[in-house]
Undergrad: 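Before I ask anything, let me first share the structure, which is written out below as structure tokens.
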2 protein chains.
Amino acid sequence: MTVKKSKPAARTLRADALRNRERILAAAKAGFTKNGADASLDEIARRAKVGAGTLYRHFPTREALLEAVYQTEVEKLAAVQREFSKTMEPVEALRAWMLLFVDYIAAKQIIAPALYTLLGASPKVFQSTGGLVTRAIEALVAGAVASGEIRADINAMDLLRAVYGVSSVASAPDWPQRAKRLVDILIHGSRVR
Amino acid sequence: MTVKKSKPAARTLRADALRNRERILAAAKAGFTKNGADASLDEIARRAKVGAGTLYRHFPTREALLEAVYQTEVEKLAAVQREFSKTMEPVEALRAWMLLFVDYIAAKQIIAPALYTLLGASPKVFQSTGGLVTRAIEALVAGAVASGEIRADINAMDLLRAVYGVSSVASAPDWPQRAKRLVDILIHGSRVR
DNA sequence: TCTTATACGGAGACACTCTCCGTTTTATTC
DNA sequence: GAATAAAACGGAGAGTGTCTCCGTATAAGA
């Protein structure tokens, strides 16, 4: 038997591999932005001047790629949650963060399908990037519940899914306003009677 | 120049065409139920013992087929709305119908992607079947607003989109309860302060 | 029965996903 | 600055799906 290093976990990529990874991410961002979350992966590989095999080796599934592309955006959302939780009243923090969530979707319409995946079923996806969003909204709701201002029986993710539902399917140009109004409705409806 | 009959509008289908249409619809319902809204159309044609061309002639797009398959379901929802509006208090009618909406999605999970389309952007789809759902929820909201019990600035479709957001993405087995709780939150949040 | 408008079917062009494996490039060792 | 092994690349190709085109079949009407 050969001796193995324990925990090879995050191996360092070779220089060319790293280069390609970046190029793929750039091409993917452009591709998703232009053609939505179901843009052709081969096309993205082509634009990145990389073989299809290379793309799939780096990102085995479409979700993995989508996730990598929007990881930074999602990380920002998570960071802001920590900020808000420290500096604001619980309910206001929740409201403010949800409004920000709308803005993020507005700014990057493409993030919507990605978040759809994150909010959705797949447990694997949930673990990594998705976990950040989950933890953010859950921390906010937990805080607001603890303060006694909102009902204890509300499911944090459901609030987000509701907002997402309005934002992503949205057709009319005034959807951000409508989404924000919905946030108000949700917050108000969530208050202890 | 040849003389044309004016308004050939809804031509009567030939007997075999009608037969095939029914078979396609049956196969499509089975297919969508089993494999979701992105089931293979060629596969459906095969199951219906019909050429691909025939399927596409009857239903030029996937949406058209989806719409035709769930038209009856949607019609039921519309009928119930009229019923509720006559026999119940405005706000209760709205609440009851939304709860029923959740049940419909629960019963026919496949309807979810279809409704997603109906609630979504495409104006064409909006006109036909989609219009029924739209009109139903809008009538209910209008009634409740007129009675002075809920805010005038809420968008009817948004309520539905919110519920849909929770219902469709739902992973956990308790999603119907959660969806219904959300209906309560939405109704309560929509009340005049 | 004959005619013709209507409808059918499935081969085939094109697109997309994903894998496999021979070739190339990088890092390391001497 | 070779030589060597490990790592990574690329793209052909198999599998699957979408949608169209047009020669063939069939229903409806005279």
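Values below: every heavy atom of this structure, side chains too, minus hydrogens, waters and symmetry copies. The sequence lines fix the lettering, A, B, ..., with proteins before strands; numbering per chain opens at 1.
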Undergrad: Can you list everything that forms a side chain to side chain contact (heavy atoms under 4.5 Å, CB included) with A/Asn35? Sequence neighbours excluded, please.
TA: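 A/Asn35 satisfies side chain to side chain contact (heavy atoms under 4.5 Å, CB included) with A/Ala39 once adjacent residues are dropped.
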Undergrad: OP1 or OP2 of D/dT18 less than 4.0 angstrom from a side-chain nitrogen or oxygen of B/Ser40, does that happen here?
TA: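 Result: yes.
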Undergrad: For B/His58 and C/dC8, is the shortest distance between a side-chain N/O and OP1 or OP2 below 4.0 Å?
TA: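 Checking B/His58 against C/dC8: at least one side-chain N or O falls below 4.0 Å of OP1 or OP2.
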Undergrad: Have a look at the helix from C/dT1-D/dA30 to C/dC30-D/dG1 and give the angle its two end axes make, five pairs each, rounded to 10 degrees.
TA: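 That helix has its two terminal axes inclined by roughly 0°.
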Undergrad: Between B/Arg62 (CZ) and D/dG17 (C1'), how many Å, whole number?
TA: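 Going from B/Arg62 (CZ) to D/dG17 (C1'), I get 9 Å.
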Undergrad: So does B/Asn20 get a side-chain nitrogen or oxygen closer than 4.0 Å to the phosphate oxygens (OP1/OP2) of C/dA7?
TA: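 B/Asn20 to C/dA7 OP1/OP2: no side-chain N or O under 4.0 Å.
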Undergrad: Extract all donor-acceptor atom pairs below 3.5 Å that involve side chains of residues 44-60 of chain A and protein atoms in other chains or at least two apart in sequence.
TA:
{"residue": "A/Arg46", "atom": "NH1", "partner": "A/Glu43", "partner atom": "OE1", "Å": "3.0"}
{"residue": "A/Arg47", "atom": "NE", "partner": "A/Glu43", "partner atom": "OE2", "Å": "2.9"}
{"residue": "A/Arg47", "atom": "NH2", "partner": "A/Glu43", "partner atom": "OE2", "Å": "3.2"}

Undergrad: What is the distance from CD of B/Glu43 to C1' of D/dG15, rounded to the nearest Å?
TA: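 That distance rounds to 15 Å.
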Undergrad: Listed by chain and number, what are the side chain to side chain contact (heavy atoms under 4.5 Å, CB included) partners of A/Ile154, not counting sequence neighbours?
TA: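 In terms of side chain to side chain contact (heavy atoms under 4.5 Å, CB included), with neighbours along the sequence ignored, A/Ile154 is linked to A/Val141, A/Ile150, A/Arg151, A/Leu159, A/Ser190, B/Ile185.
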Undergrad: Atom CG in B/Leu94, atom CE in B/Met88: separation rounded to 0.5 Å?
TA: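 The CG atom of B/Leu94 sits 10.0 Å away from the CE atom of B/Met88.
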Undergrad: Would you mind reading off the distance between B/Asp38 atom CG and D/dT16 atom C1', rounded to a whole angstrom?
TA: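 To the nearest whole Å, that distance equals 13 Å.
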Undergrad: Answer yes when A/Asp103 and A/Lys180 have at least one side-chain N-carboxylate O distance shorter than 4.0 Å, and no when they do not.
TA: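 Looking at A/Lys180 together with A/Asp103, the answer is yes, because their closest N to O distance falls below 4.0 Å.
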Undergrad: Could you list the residues that satisfy side-chain hydrogen bond (donor to acceptor under 3.5 Å, both in side chains) with A/Asp184, not counting sequence neighbours?
TA: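 Residues passing side-chain hydrogen bond (donor to acceptor under 3.5 Å, both in side chains) with A/Asp184: A/Arg95.
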Undergrad: Expressed in angstrom and rounded to an integer, what is the separation of A/Leu41 atom CG from D/dG11 atom P?
TA: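 That distance rounds to 17 Å.
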Undergrad: Show me the pairs that pass salt bridge (Lys or Arg N to Asp or Glu O under 4.0 Å) and involve residues 79-91 of chain B, at least two apart or across chains.
TA: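 Listed by first then second residue: nothing to list.
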Undergrad: Under the side-chain hydrogen bond (donor to acceptor under 3.5 Å, both in side chains) test, which residues partner B/Asp42, sequence neighbours left out?
TA: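 Result, side-chain hydrogen bond (donor to acceptor under 3.5 Å, both in side chains) vs B/Asp42: none returned.
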Undergrad: Atom CZ of B/Phe59 to atom C1' of D/dT18: distance rounded to whole Å?
TA: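 Those two atoms, CZ and C1', are 17 Å apart.
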Undergrad: Expressed as a whole number of angstroms, how long is the span from A/Arg46:CZ to C/dC16:P?
TA: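 Result: 7 Å.
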Undergrad: Grab the CD1-P distance between B/Ile24 and C/dA7 for me, whole Å please.
TA: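 Result: 12 Å.
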Undergrad: Can you check each nucleotide of nucleotides 19-30 of chain C against protein heavy atoms at under 4.0 Å and return B for base, S for sugar-phosphate only, - for none, in 5' to 3' order?
TA: B-----BSS---
Undergrad: Write down the distance between CG (B/Asp42) and C1' (C/dG12), rounded to a whole number of angstrom.
TA: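 Roughly 12 Å, once rounded to whole Å.
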Undergrad: Apply side-chain hydrogen bond (donor to acceptor under 3.5 Å, both in side chains) to A/Ser147 and list each qualifying residue two or more places apart in sequence or on a separate chain.
TA: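 Once residues adjacent in sequence are excluded, the partners of A/Ser147 under the side-chain hydrogen bond (donor to acceptor under 3.5 Å, both in side chains) criterion are A/Glu149.
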